Amino acid sequence: MAAERELVRWSAARLAEALAAGEVSSVEATQAHLDRIGDVDADVHAYLHVAGDDALVRAAEIDRQRADGTAPGPLAGVPIAIKDVLCTSDMPSTAGSRILEGWIPPYDATPVARLRAAGLIPLGKTNMDEFAMGSSTEHSAYGPSRNPWDLTRIPGGSGGGSAAAVAAFEAPVALGSDTGGSIRQPAAVTGTVGVKPTYGGVSRFGAIALASSLDQVGPVSRSVLDAALIHDVIGGHDPNDATSLDERWPSFADAAREGAASGSLAGLKVGVVHQLDGSGFQAGVRQRFGEALKRMAEAGADIVEVQAPHFEYALAAYYLILPAEASSNLAKYDAVRFGLRVDPGGSTVEQVTALSREAGFGPEVKRRIILGTYALSAGYYDAYYGSAQQVRTLVQRDFDACFTQADVLVSPSAPTTAFRLGEKIDDPLAMYLNDITTIPANLAGVPGLGMPIGLAPEDGLPVGLQVMAPLREDARLYRVGATLEAILEREWGGPLLAQAPALGSAASRSDRIRTTPGTAPAPGYGTEPDGGTL
């Protein structure tokens with residue numbers, strides 16, 4: 001049992017090495033994670049569906065292939081969780097909505113198909129805000145997920161289930177989707193790593209659409225290297241996706257390894273975006289962000305402030321573009337071809353569609369459909385949707401100008417740490433503000449990486465750093481992120497998640513504050529790597 005408990009703490013990279021060396025089998029690794037899910041997911045609720053025996057059958061097949069010398073790739077046998085927005089031919093794909101309850105697609109999304117081809121083992125489908133609309137996973141039709149650091153708090157959204165599964169050691173890695181920050185913001189509040197690739201760098205084929213010009217699939221992990229390894233598998237051109245970039249990509253894992261090994265950011269210009277470090281940010285977030293900048297400067301980076309004046313309009317533009325695209329994408333749910341059907345008998349097609357949508361869509365989905373339909377209606381299109389697209393162009397130009405002054409741009413990944421469940425559920429505008437730092441990257445299509453930089457002193461909860469790079473320069477993100485990660489983990493004495501409380505523990509938050517010798521207590525900068533047993 002002790003060995004199994006330790007196994008779920010391993011990174012995907014370490015697990016892959018152990019599998020290749022014959023130190024552990026894929027069946028053992030998969031069973032350990034299924035056991036972990038059984039132990040803690042009733043509290044965390046990261047999963048909507050668990051593969052169970054199907055995962056073990058696939059793991060046994062990989063073990064046989066490895067014994068025969070035909071294992072399909074270096075990550076063969078590594079378990080992975082999949083956000084329920086991605087179609088899977090052997091598991092339900094609901095996008096967190098009642099209107100798709102029980103629906104099993106006839107095909108796999110391209111990222112899922114590539115994972116299977118590489119030999120990874122899907123553990124199940126993770127919880128999410130309905131159709132990826134939300135910043136807390138409280139808008140899931142199947143109940144909220146909870147933050148493993150504090151079960152009374154949100155794990156972020158819309159991909160809170162994937163982030164919670166990785167943070168709770170229920171999966172070493174996961175897939176998420178990011179429309180306005182739904183990978184990076186959950187990573188920030190759970191102490192994990194999340195990457196939104198360059199738009200078009202990872203296929204969207206089989207990803208249940210929210211806003212087609214904004215959606216992007218990406219990895220969730222506990223280390224920068226693990227995210228890079230998954231990105232290498234799922235990335236690349238896909239002829240099934242008309243927006244897929246047809247070009248060769250470098251190895252992101254090699255970039256991460258280079259960054260971790262170098263320990264230096266000499267010659268790197270880091271731009272601090274003035275408009276993404278506002279007065280409304282939590283004090284602990286600002287403190288840890290400032291300390292991260294100091295560490296980067298000590299590693300040789302040149303820190304400069306850059307101006308992106310149109311970023312202040314990005315949130316408003318996003319919440320016109322997204323609902324408009326959502327209202328179009330969700331029109332297909334008509335209760336005729338697939339999905340929930342409410343038919344009391346004797347009803348017309350229009351009545352069945354209306355009744356089914358009323359029963360199947362949650363309040364946030366309805367809110368955004370109404371807003372988007374209004375923005376696209378005759379007489380308002382130019383004033384609202386057209387103007388928002390003009391702002392989007394200005395945001396893209398701001399990025400272009402900033403990248404003439406800096407190699408990467410940085411900001412906090414979220415303005416606050418994880419808030420309490422229910423705290424903002426009845427205040428949509430307050431909820432939307434959680435994406436204020438992440439939305440610009442989606443509007444411009446540039447890649448962004450979120451990673452932990454410590455714990456906020458006032459509440460002992462994780463704080464995240466966002467790093468953004470120019471279009472197609474995803475490798476730069478991994479190189480910079482892995483360098484900073486290595487620096488911070490040397491200070492902490494191990495990964496930040498090692499300081500997370502044991503699930504079910506009654507230990508107070510003060511018990512998790514670590515003290516570096518010769519300093520006052522400072523959460524997130526400690527020397528003890530183990531925050532408790534599993």
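Quantities reported herein were computed from a predicted structural model and do not represent experimental measurements. Residue numbers count from 1 along this sequence. Computation of the quantities below employed the complete heavy-atom set of this structure, encompassing side-chain atoms and omitting hydrogens, waters and symmetry-equivalent molecules.
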Check your understanding: Hey, mind stepping through D400 and R397 against salt bridge (charged side-chain N to carboxylate O under 4.0 Å, His left out) and telling me if it holds?
Key -> CA-CA 5 Å; D400 291 341; R397 291 175 181 173; over 6 Å; no
Exercise for review: Supply the atom-to-atom distance R153 CZ to T190 OG1, rounded to the nearest 0.5 angstrom.
Suggested key: 14.0 Å
Practice item. Determine whether P447 and M468 make a side-chain contact, defined as any pair of heavy atoms from C-beta on separated by less than 4.5 Å. Key: no
Exercise for review: Could you give me the CA-CA distance, side-chain angles and deciding distance for L48 and T126, then say whether side chain to side chain contact (heavy atoms under 4.5 Å, CB included) is met?
Suggested key: CA-CA 5 Å; L48 294 180; T126 56; over 6 Å; no
**Study point:** Cation-pi geometry met for R36 and F169 (6.0 Å, 45°)
**Key:** no
Check your understanding: What heavy-atom pair brings V173 and A12 nearest, and what distance separates the two atoms?
Key -> CG1-CB, 3.9 Å
Exercise for review: Give a yes-or-no answer on whether the side chains of S244 and D238 include a donor-acceptor pair shorter than 3.5 Å.
Suggested key: no
Review point. Does F252 offer a backbone N or O that forms a donor-acceptor pair with the side chain of D232 under 3.5 Å?
Key: yes
Exercise for review: Determine the minimum heavy-atom distance between T192 and P452, stating which atoms define it.
Suggested key: O-CD, 3.4 Å
Review point. Can a salt bridge be assigned to the pair R476 and E473 using a cut-off of 4.0 Å between side-chain N and carboxylate O?
Key: yes
Practice item. Taking the side chain as every heavy atom from C-beta outward, state whether V410 and V273 have any atom pair closer than 4.5 Å. Key: no
Review point. Of all residues at least two apart in sequence or in a different chain, which pass the side chain to side chain contact (heavy atoms under 4.5 Å, CB included) check with L421?
Key: E138, P144, R146, I154
Study note, to complete from the structure: Distance col, row I439:CD1 vs R392:CZ, nearest 0.5 angstrom, shows 11.5 Å
Point to revise | Pair F131 + H139: ring centers closer than 6.0 Å | key: no
Check your understanding: Under 3.5 Å, is there a donor-acceptor pair between the side chain of D474 and the main chain of T198?
Key -> yes
**Study point:** Working for side chain to side chain donor-acceptor pair (under 3.5 Å), residues E325 and S213
**Key:** CA-CA 8 Å; E325 295 189 13; S213 73; 2.6 Å; yes
Revision key, fill the gap. Applying side chain to side chain contact (heavy atoms under 4.5 Å, CB included) to A324 and not counting sequence neighbours gives L376, Y385
Check your understanding: Pick from L394, T393, L443: which one makes a side-chain contact (heavy atoms from CB on, under 4.5 Å) with H310?
Key -> L394
Exercise for review: Tell me, please, which residues at least two apart from D108 pass salt bridge (Lys or Arg N to Asp or Glu O under 4.0 Å).
Suggested key: R116
Exercise for review: Could you tell me which residues satisfy salt bridge (Lys or Arg N to Asp or Glu O under 4.0 Å) with E258, sequence neighbours excluded, listed by chain and number?
Suggested key: R479
Review point. Hey, is the main chain of A308 close enough, under 3.5 Å, to the side chain of Q275 for a donor-acceptor pair?
Key: yes
Practice item. Apply side chain to side chain contact (heavy atoms under 4.5 Å, CB included) to T483 and list each qualifying residue two or more places apart in sequence or on a separate chain. Key: S262, L265, I487
**Study point:** Side-chain donor-acceptor contact under 3.5 Å, S203 with N240
**Key:** no
Practice item. May I ask you to decide if P412's main-chain N or O and T437's side chain share a donor-acceptor pair within less than 3.5 Å? Key: yes
Check your understanding: What is the minimum heavy-atom distance between I436 and F281, and which atoms define it?
Key -> CG2-CZ, 4.5 Å
Study note, to complete from the structure: Applying ring-ring contact (aromatic ring centres under 6.0 Å, His included) to Y313 and not counting sequence neighbours gives none
Review point. Less than 4.5 Å apart, any side-chain heavy atom of L19 and any of V78?
Key: yes
Review point. What distance do S136 atom OG and M431 atom CE have between them, rounded to the nearest 0.5 Å?
Key: 3.5 Å
Check your understanding: Regarding T438 and Q466, is there a side-chain donor-to-acceptor distance under 3.5 Å anywhere?
Key -> no
Check your understanding: If you look at every heavy atom in P440 and F399, which pair is closest and at what distance?
Key -> O-CE1, 3.3 Å
Review point. Taking side chain as C-beta onward, heavy atoms only, is R14 less than 4.5 Å from S11?
Key: yes
Practice item. Assess whether side chain to side chain contact (heavy atoms under 4.5 Å, CB included) is satisfied between F289 and V463, documenting all intermediate values. Key: CA-CA 8 Å; F289 178 59; V463 175; 5.8 Å; no
Practice item. Taking T404 for its side chain and A401 for its backbone only, find out whether a donor-acceptor pair lies under 3.5 Å. Key: yes
Practice item. Give the minimum heavy-atom separation between L123 and A171, together with the two atoms involved. Key: CD1-CB, 3.8 Å
Check your understanding: Would you say the side chain of V220 lies within less than 4.5 Å of the side chain of V193, judging by non-hydrogen atoms?
Key -> no
Review point. Does any N or O in the side chain of N442 come within less than 3.5 Å of the main-chain N or O of T179, such that one atom is a donor and the other an acceptor?
Key: yes
Practice item. State whether Y47 and K125 meet the cation-pi test: NZ (Lys) or CZ (Arg) under 6.0 Å from the six-membered ring centroid, and within 45° of the perpendicular axis. Key: no
Exercise for review: Kindly determine whether S177 and L86 satisfy side chain to side chain contact (heavy atoms under 4.5 Å, CB included), including the steps that lead there.
Suggested key: CA-CA 9 Å; S177 68; L86 292 164; over 6 Å; no
Practice item. Scan V408, I303, D302 and name whichever one has a side-chain contact (heavy atoms from CB on, under 4.5 Å) with L268. Key: V408
Practice item. Measure the spacing between OG of S162 and CD of E170 and express it to the nearest 0.5 Å. Key: 11.0 Å
Revision key, fill the gap. The reported gap from CG in L115 to CG in L120 (rounded to nearest 0.5 angstrom) is 5.5 Å
**Study point:** SG-NE2 distance between C402 and H274, expressed to the nearest 0.5 angstrom
**Key:** 12.0 Å
Exercise for review: Please check if any side-chain donor atom of Y319 sits under 3.5 Å from a side-chain acceptor atom of D435, or the reverse.
Suggested key: yes
Review point. Is K294 salt-bridged to E291, going by a charged N under 4.0 Å from an acidic O?
Key: no
Practice item. For I230 and I80, run side chain to side chain contact (heavy atoms under 4.5 Å, CB included): C-alpha distance rounded to whole Å, both residues' side-chain angles, the deciding distance at 0.1 Å, then the answer. Key: CA-CA 10 Å; I230 298 301; I80 188 168; 4.1 Å; yes
Check your understanding: Side-chain contact, heavy-atom cut-off 4.5 Å: V217 with D178?
Key -> no
Point to revise | Pairwise side-chain contact, F419 with N434, heavy-atom cut-off 4.5 Å (strictly under) | key: yes
Review point. Can you find a side-chain donor-acceptor pair between D459 and Q282 that sits under 3.5 Å?
Key: yes
Check your understanding: Hey, does the side chain of Q185 reach the backbone of S135 with a donor-acceptor pair shorter than 3.5 angstrom?
Key -> yes
Exercise for review: May I ask you to check whether K83 and S158 show a side-chain donor-acceptor distance below 3.5 Å?
Suggested key: yes
Check your understanding: Distance-only, no hydrogens or angles: does the D226 side chain make a donor-acceptor pair with backbone N or O of A13 under 3.5 Å?
Key -> yes
Check your understanding: Would you say D84 and N127 make side-chain contact, with heavy atoms under 4.5 Å?
Key -> no
Practice item. Please check if the side chain of R114 supplies one atom and the backbone of G236 the other of a donor-acceptor pair under 3.5 Å. Key: yes
Review point. With no hydrogens and no angle check, is any side-chain donor or acceptor of D241 less than 3.5 Å from a backbone partner on R204?
Key: yes
Point to revise | Heavy-atom closest contact (A227 atom, P219 atom, distance) | key: O-CG, 3.5 Å
